[in-house]
Amino acid sequence: MPSKGVGSIVSICFVIYRLFAGIEDIKKMPEEAMMAFEFGKKQSLETMKLMLTSRRFEEKVNEMFMQGLIHGTTHLGIGQEALHAGVSPALDADDWILPNHRGHGHCIAKGSTPYDIMAELMAVRDGVCKGMGGSMHIIDTRYKNMGSSGIVGSAIPLAAGMALQLKREGRKNVVCTMFGDAASNRGTFHEALNMASIWKVPALFLCENNMYGMSVPAKYSVSVEDIAVRAKSYSMESRIIDGNDVELVYSTIKEIADSMRENPRPFLLEAKTYRWLGHSKSDRREYRTKEEEAAWKKKCPIANFKVKMIERGFITDKAFDKMKAEVEAEIDAATEKCKGKDRVQLEEALNYVYSS
Amino acid sequence: MPSKGVGSIVSICFVIYRLFAGIEDIKKMPEEAMMAFEFGKKQSLETMKLMLTSRRFEEKVNEMFMQGLIHGTTHLGIGQEALHAGVSPALDADDWILPNHRGHGHCIAKGSTPYDIMAELMAVRDGVCKGMGGSMHIIDTRYKNMGSSGIVGSAIPLAAGMALQLKREGRKNVVCTMFGDAASNRGTFHEALNMASIWKVPALFLCENNMYGMSVPAKYSVSVEDIAVRAKSYSMESRIIDGNDVELVYSTIKEIADSMRENPRPFLLEAKTYRWLGHSKSDRREYRTKEEEAAWKKKCPIANFKVKMIERGFITDKAFDKMKAEVEAEIDAATEKCKGKDRVQLEEALNYVYSS
Amino acid sequence: MAEKTFLDAIREAMSEEMRNDKNVVLVGEDIGVYGGCFGVSRGMLAEFGTEQMLETPISEEGFMDMAMGASMVGMRPIVEIMFGDFSTLVSDGLINHAAKYRFMTGGQVDVPLVFRAPFGSGTGAAAQHSQSLETMYTNTPGLKIVYPATPYDAKGLLKSAIQDDGPVLFFENKLLYRTRGEVPEGEYTVEIGKADIKREGNDVSIISYSRMLPVCLEAAAKLADEGINAEVVDLRSLKPLDTETIVESVKKTSRALVVHEAPVFGGFAGEVVSSIMESEAFYYLDSPVERLGGKEMPVPYNPDLEKQIVPVVDDIMESVRKMIKK
Amino acid sequence: MAEKTFLDAIREAMSEEMRNDKNVVLVGEDIGVYGGCFGVSRGMLAEFGTEQMLETPISEEGFMDMAMGASMVGMRPIVEIMFGDFSTLVSDGLINHAAKYRFMTGGQVDVPLVFRAPFGSGTGAAAQHSQSLETMYTNTPGLKIVYPATPYDAKGLLKSAIQDDGPVLFFENKLLYRTRGEVPEGEYTVEIGKADIKREGNDVSIISYSRMLPVCLEAAAKLADEGINAEVVDLRSLKPLDTETIVESVKKTSRALVVHEAPVFGGFAGEVVSSIMESEAFYYLDSPVERLGGKEMPVPYNPDLEKQIVPVVDDIMESVRKMIKK
Ligand SMILES: Cc1ncc(C[n+]2csc(CCOP(=O)(O)OP(=O)(O)O)c2C)c(N)n1
Ligand SMILES: Cc1ncc(C[n+]2csc(CCOP(=O)(O)OP(=O)(O)O)c2C)c(N)n1
Ligand SMILES: [Mg+2]
Ligand SMILES: [Mg+2]
C-alpha cells in the first residue's frame with residue numbers, strides 16, 4: 001500500500017480548505033485549488049504499482065480461465081484500476097470495504113496479496129476463504145474487507161449495518177461499499193440509503209458507474225442521468241467524480257471519509273468509469289460498439305497517470321517497464337505457488353456450516 | 001358517484017391553462033388561476049355525500065368491531081375523506097385504482113356499495129371477495145378496483161405492471177395506486193418507480209402522507225421532508241397538494257390523469273393528510289399528542305368543504321344534517337342486510353385456489 | 001414458579017440478554033413506544049433506550065440485511081418482523097446471506113442473529129397475515145430453527161438463540177402469546193435441537209410443535225378417557241431435529257401421528273415421517289405414520305372456514321382411533 | 001423427430017406460444033441482445049421485438065410484481081430470473097401475491113404467470129448461485145410447480161404452463177441445458193401433474209426429477225448389469241404431485257429410493273416418502289423408503305467438494321443394492 005505521507009498532507013490542506021469554504025465557495029473555487037491535489041513521488045510510484053498489480057492480476061485470471069485452470073465465473077475489473085488504487089489507500093486500516101463482484105483489485109489494495117486471492121480462485125486451502133467462496137466472495141477480515149455478495153445490491157444494506165455498529169461502538173471508522181450502476185436499481189439501495197440517512201451512519205456508498213449492468217446500458221435501466229442525484233431522496237450529500245483519475249478518487253475518498261469520522265453520516269459518491277472486458281467470461285459484448293470501447297481505452301487510468309508521472313519526473317518509460325515486469329513476475333510467482341496446493345476436505349468444510 | 005359535468009368543464013379549462021403555461025408560468029400563475037377550480041352545485045352535493053358516506057362507513061365499522069360483529073382487524077380512513085371523494089370521481093370508469101389497506105372510502109368512491117364492502121367485512125358470500133379477503137383486500141374488478149395488498153408497498157409495482165399492460169393494449173387509461181408515507185420506504189417503491197419511468201407507463205403514484213406509519217412518524221422514518229422529492233430519482237414529475245382539500249384533489253388528479261392519457265408517463269403525487277383514529281383497532285396512540293390530533297381535526301375535509309358549500313349557497317345546515325341522516329340510514333340498512341347472510345362453504349372455497 | 005404468558009416469557013428472555021450484553025439489540029417496526037405489533041416489547045424502550053431498541057422504517061429486506069451486517073462486526077441483533085408472512089421480504093437476508101456467510105468465508109465471519117416472527121391463523125387477518133412458512137427455511141443448511149409451544153420453552157430457547165453465534169430463527173405463534181405457563185425466575189436455557197416429551201404414553205406418538213401442541217395435548221387427555229394412552233412429543237426445534245427422541249418414542253408406541261398448522265402438502269411433517277421411515281423405528285410400526293395439517297388453501301378471512309382449515313382436537317382423536325384400530 | 005437441447009426446447013415452447021398470443025411476454029434481465037444469462041432466449045429479440053421481450057433493470061422483486069400486475073389485466077408474462085437463487089427476491093410476489101390473489105378475491109382475478117428459474121450446482125458458481133430452492137414453494141397452496149428432466153418434457157410442460165390461467169413455477173437445471181433429446185416438431189403439451197415412468201423395472205422404484213433423473217437412469221442401466229431391474233419414475237411435476245403413479249410403481253417393486261439435488265433435510269423427498277407411507281403401497285414395502293440428496297452445507301466453490309455434495313451414480317447403486325439385500 002502507498003504510504004499516506006506526502007499525499008495526506010496535501011489532502012488534509014485540501015480538506016481544510018473545503019471545510020472552511022461554504023458550498024457557494026466550492027462552486028467558485030479557483031481551478032488551481034480544485035487541481036491542487038497531487039501525489040508526491042513515493043505515493044505516485046506506489047499507486048502506479050497498485051494499478052499495475054490490479055491490471056496484471058486480472059489479465060492473469062483471464063489467462064487461467066482460458067487454460068481451464070480456474071473454474072466457475074469471474075468478473076474482471078480492467079479499466080477500473082483508478083478506483084482500486086484510489087479508494088482503499090485513502091482509507092484507514094480499520095475502515096471497512098465491501099467491493100462488489102468486480103472487486104479483485106479493491107481486495108488487493110486493501111491488503112490481501114495476489115497469492116491470497118489467486119489461491120481462492122484456484123480453490124485451494126490457502127485462499128482467503130479457504131476455497132469455499134471463489135471470485136464472487138473474496139472476503140478477508142484481516143484487512144477489514146467484508147467482500148462482496150453475489151446477490152447484486154445486497155451488500156449495500158450489509159455495509160450500512162456495519163457502519164451502524166461501528167458508530168454504536170464509538171469507533172471513528174467508516175464503511176465503504178462499492179456497487180455498480182445497475183445495483184442502484186435494487187430496492188436494497190433505497191432501503192439502505194434511507195436508513196443510513198435517518199441513523200446517520202458513516203457509510204460511504206460508492207457507485208462505480210461503468211455504464212453497463214451486464215449487457216444493459218445504464219442509460220436504459222437507470223431512470224436518471226446521474227445516479228448521485230438519488231442521494232436527494234435521502235437528504236444525503238453526494239458528488240460525481242471521474243473514476244479514472246486516481247488522484248481525484250484518492251483525495252475525494254479521503255476528504256469524505258475523514259469528514260465522516262468527525263461527523264458520522266452517509267455519503268453517495270458516483271465515480272464514472274468503464275469496464276474494458278465483457279461482464280464475465282462468456283460475454284460477446286454485442287451490446288456496445290468497438291468505437292465506444294476504444295474511446296474509453298483512451299481514458300486508461302494507468303496510461304494517463306503514467307503520462308503525469310513522466311511529466312512530473314517521477315518515472316521514466318524504462319522504469320515503468322521495469323515495474324510492470326516486476327509486477328508480472330510477482331503475480332506469475334504467486335500463481336505458480338497455488339498450483340498443487342491442497343484443498344479443504346469434506347470433514348473440514350462441514351465445520352464452516354454452523355458456528356460452534 | 002358525482003356527475004362529472006360542471007366540475008369537468010372548469011377542470012378542463014384549468015388543464016388547458018396549465019398545459020399552455022410552461023413550468024415557469026405555473027410558478028408565476030396568479031393566485032386566482034390556482035384557485036380557479038370550484039365544483040358546481042351538483043358535484044358539490046355528490047362529493048359531500050361521498051365524503052359523508054366514507055366517514056359514516058368507517059364509524060359503523062368501528063362500532064361493529066366494538067360489538068364483536070366484525071373480526072380480524074381494520075384500518076380506518078377517517079380524516080382522509082377528501083382523497084376518497086376527490087380521486088376516483090376524477091378518474092374515468094375504466095381507469096384502475098389500487099388503494100392501500102386504509103382504503104374503504106376509495107372503494108366506495110370507485111363504485112362498490114357500502115353493502116358490497118360491509119358484506120365482505122362480515123365475511124358473507126355477498127362480499128366483494130365472497131368473504132375470502134376481508135378489510136385488507138377489498139378488490140372489486142367490476143369497478144376496476146384492484147384493491148390493496150396486505151404487504152405494505154407491494155401494490156406499487158402491481159400498479160405499475162397494470163399500467164404497462166394498459167399501455168401495451170393502447171388503452172387511454174391510467175392506474176392510480178395509493179400508498180402511505182411509510183410505504184415509500186419499501187424497496188418496491190424504488191424499483192417500481194424506476195421501471196415505471198423507463199417504460200413510461202401511465203401510473204399515478206399517489207402517496208397519502210398522513211404523517212405516520214403505524215406509530216412511527218414520517219419525520220423519523222422518511223429521510224426527506226417531502227416524499228414528492230423522491231420523484232427526482234426517477235426523472236419523474238411530481239407535485240405536493242393539500243390532501244384535505246377535495247376540490248384540489250379532484251382537479252389535480254383530473255389534470256394529471258388526463259395528461260397521462262395523451263402522453264403516457266408516470267407521476268408521483270403527494271397529498272398531505274392525517275388519520276384521525278389509531279392505526280388499527282388496537283392502537284392507543286401514545287406516539288402523538290392530543291394537540292396535534294386536535295389541530296388536524298380543525299382541517300376536517302368535510303367541515304371545511306361544508307363551510308365553502310354554505311358560502312356558495314349550495315347547502316344549508318339543515319340540508320347537510322338531512323344528508324348525513326340519509327347516509328347514516330343507508331349504511332345502517334346495508335349493515336343490517338348483511339346480518340344472517342350465508343357464508344361460502346369449504347367446497348366452494350376450494351374452487352378459488354386454482355384457476356380452472 | 002410464576003405463571004407467565006408466552007409473550008412475557010419472550011420479553012423476559014430478551015430483556016435478560018439485553019441487560020447482560022449491550023450488543024444485543026432489538027430491531028423492528030413499532031417496537032418502541034408502541035411496544036410491537038403484539039405487545040411483545042411493551043415497556044422495554046424505557047429500560048433499553050434507542051441504543052438497544054432500533055425502530056425501523058417499513059424496509060424489511062433492508063433492516064434484516066443491516067442487522068446482519070451489524071452482526072458481523074459485533075452486534076447481536078434480534079430482528080422482529082410483525083408477521084411471519086413478511087418472511088418473503090427477508091428470505092434473501094436469511095437464506096442467501098445469514099445462512100452462508102460463515103461457510104462462504106471459510107469460517108472468518110459469524111452471524112449471531114436471531115430472527116423472530118409470529119406465524120399462524122386464527123386472528124381473522126386473512127391470507128397474507130396468517131401463514132406458517134417454516135418450510136421456506138427448513139431446507140437451508142446453515143440455519144437453526146426453533147418453534148416453541150410453551151412459555152418455559154420460549155424463554156429458554158430464545159436465550160439459547162441469542163447466545164448462539166450463528167443465525168437462529170425463532171418462530172412464534174400468535175395464538176400462543178396469551179397462553180400461560182410456568183417460567184422460573186432465574187437464568188436458564190433450553191438447548192436447541194432437543195425435543196421434549198410433553199406427555200408420556202404407550203399407544204401412539206403424537207408429534208407436533210408450536211400452536212398445535214396444546215391441541216394435541218387436549219386430544220391426548222380426551223383419548224385417555226377412551227383408554228388410549230398417547231405420548232405427545234414437542235419437537236421445539238425443527239432444525240436440528242431431535243430424531244433420537246422421535247425414534248425412541250415411536251419404538252415404544254409403534255404408531256405416530258405428525259401434526260402441524262402449515263398445509264400438509266410439502267409441510268415439515270414430511271421430514272418427520274422420513275426420519276421415522278429411515279430409522280429402526282420403521283420396523284416397530286404397527287400402522288403407517290400419518291400427517292395432519294392445514295388444508296390446501298390460502299387462509300380465508302371467513303372465520304368459519306378459517307377454523308376448518310387447521311386440525312382440531314376431533315381430527316387428532318379420529319386419526320388416532322383409526323390408527324389404533326388398524 | 002429432431003434431437004434438440006433442453007435449452008432449444010424451452011426457447012421453442014416460448015416462441016410458439018409468443019407467436020400464438022401477443023400477450024405472452026418474456027420478462028427478465030439481459031434477455032434481449034445478450035440472449036439471457038444462459039442463452040435461452042438467444043435470437044428471440046429479432047422475432048419478437050421489445051413488445052414481447054421486456055428487458056428489465058436489476059429489480060427482481062419489482063419486475064416480478066409488475067409482471068404479476070400486468071397478468072391480472074391481460075398479459076401472460078413468462079418471468080425469467082437469472083439464477084434460481086434469486087427466488088428469495090421474488091418470493092413475496094409468488095407466495096404472498098401470485099399464489100393468493102385468485103383466492104383472496106373470491107375468484108375475481110386470475111394470475112396467468114410463468115416463473116422460470118435455473119437451479120443447481122456443478123458450475124463452480126458457489127453458494128449463492130447454485131441452490132435448489134424448490135421447497136421454498138412446495139408448501140404454498142395456489143402454486144403449481146414443474147421441474148422437467150428432458151427436452152421433450154421441458155417443451156411440453158412449458159407450453160402447458162404458459163397456457164395455464166394460474167401461476168406456474170417452471171424450474172430448470174443449468175446442467176441439463178446442453179443435454180439433448182427428441183422433441184417433435186408440431187404442437188404438443190405435457191399435462192401438469194403427471195409423472196412419467198422413464199424406465200420400467202420390477203425390483204425397486206427410483207423416484208426423482210430434474211438433473212438427478214439422468215443420473216438415476218445411468219445407475220439403473222448399470223444395476224441392470226448386476227441383474228437388478230430398477231424402475232425410474234420422473235416426477236416432472238412436484239405440485240400437484242402424481243401420487244397415483246408413485247404408488248402404482250412402488251406396489252409393483254416393493255422398494256423405493258427418492259433422489260434429488262437439494263439437501264436431504266427438509267427436502268422435497270419428505271413429501272414423496274410421506275405419500276408412499278400414507279398409501280396402500282406402504283403395505284407392499286419390503287424395505288423402508290430411502291432418500292438421497294445434497295449434503296447439509298451451502299454449495300462450496302471448491303470443485304472437489306462441489307461434486308461430493310450431490311448424489312452420484314455410485315451412491316444410487318449402493319443404496320439400491322443395500323435395499324435389495326435387506
Ligand atoms: C440480484 C441479482 N440479479 C442479477 C444478478 C446477475 N448479475 C451479476 S452482476 C450483474 C450486473 C451488475 O451490474 P452493475 O451493478 O452495474 O455492476 P458491474 O458488473 O457493472 O460492475 C448481473 C445482472 C445477480 N448476481 N444478482
Ligand atoms: C411489508 C409490511 N410491513 C409491515 C406491515 C404492518 N403494517 C401494516 S400498515 C402499516 C403502516 C403503514 O403506514 P403507511 O404506509 O404510512 O400507511 P397508513 O397506514 O398510514 O395509511 C404497517 C407497519 C405490513 N402490512 N406490511
Ligand atoms: Mg455496471
Ligand atoms: Mg401513513
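Chain letters run A, B, ... following the sequence lines, proteins first and then strands; every chain starts at 1.
- Rounding to the nearest 0.5 Å gives a distance of 6.5 Å between CE of C:M104 and OG of A:S149.
- Atom CD of A:Q165 sits about 9.0 Å away from atom OG of C:S71, to the nearest 0.5 Å.
- Both the backbone and the side chain of C:T56 have a heavy atom closer than 4.5 Å to some heavy atom of chain A.
- C:I58 CD1 to A:N194 CG: the interatomic distance, rounded to the nearest 0.5 Å, is 11.5 Å.
- Between chain A and the residues C:P112, C:A67, C:G62, C:G69, the most heavy-atom pairs under 4.5 angstrom are made by C:G69.
- Other residues, nucleotides and ligands contribute only 12 or fewer heavy atoms inside 6.0 Å of the CZ atom of A:R171.
- By the neighbour-count criterion of 12 heavy atoms within 6.0 Å, atom NZ of A:K232 is sparsely surrounded, having that number or fewer from other residues, nucleotides or ligands.
- Residues of residues 135-143 of chain A having a heavy atom under 4.5 Å from any heavy atom of chain C, listed by number: A:H137, A:I139, A:D140, A:T141.
- One finds the NZ atom of C:K100 at 14.5 Å from the CE atom of A:M132 (value rounded to the nearest 0.5 Å).
- Within the 4.5 angstrom heavy-atom criterion, atoms from both the backbone and the side chain of C:D165 approach chain A.
- By number of non-hydrogen pairs under 4.5 angstrom with chain C, the leading residue of A:E169, A:K130, A:R168 is A:R168.
- Taking 4.5 Å as the limit, some side-chain heavy atom of C:V109 sits within range of a side-chain heavy atom of A:M146.
- Using a 4.5 Å heavy-atom threshold, the side chains of C:T105 and A:V128 count as separate.
- In terms of heavy-atom proximity, C:S59 sits nearest to A:M195 at CB-CE, 3.8 Å.
- A donor atom on one side chain and an acceptor atom on the other are not found under 3.5 Å apart for C:D164 and A:S355.
- Listed by chain and number, the residues in a side chain to side chain donor-acceptor pair (under 3.5 Å) with C:E55 amount to none (sequence neighbours excluded).
- Contact of the C:N96 side chain with the A:S154 side chain is not registered, since no non-hydrogen atoms from C-beta on lie closer than 4.5 Å.
- Side chain of A:Y354 to backbone of C:R102: no donor-acceptor contact under 3.5 angstrom is found.
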Inset, instruction - With side chain to side chain contact (heavy atoms under 4.5 Å, CB included) as the test, would you mind laying out the steps for A:L158 and C:H97 before giving the verdict? - result: CA-CA 10 Å; A:L158 292 183; C:H97 293 87; 4.2 Å; yes
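- With a 4.5 Å cut-off on non-hydrogen atoms, C:F63 touches chain A through its backbone and its side chain both.
- Residues of residues 174-189 of chain A lying within less than 4.5 angstrom of chain C, judged on heavy atoms, are A:R186, A:T188 in numerical order.
- Residue A:A159 does not touch chain C at all, counting heavy-atom pairs closer than 4.5 Å.
- Neither the backbone nor the side chain of A:L98 comes within less than 4.5 Å of any heavy atom in chain C.
- Interface remark: of the candidates C:V73, C:D92, C:L143, C:V73 forms the most heavy-atom pairs closer than 4.5 Å to chain A.
- In terms of non-hydrogen atom pairs under 4.5 Å with chain A, the most contact-rich of C:K22, C:M64, C:E51 is C:E51.
- Under the side chain to side chain donor-acceptor pair (under 3.5 Å) criterion, C:D85 pairs with C:Q131, sequence neighbours left out.
- Around atom CD of C:E47, more than 12 heavy atoms belonging to other residues, nucleotides or ligands sit under 6.0 Å away.
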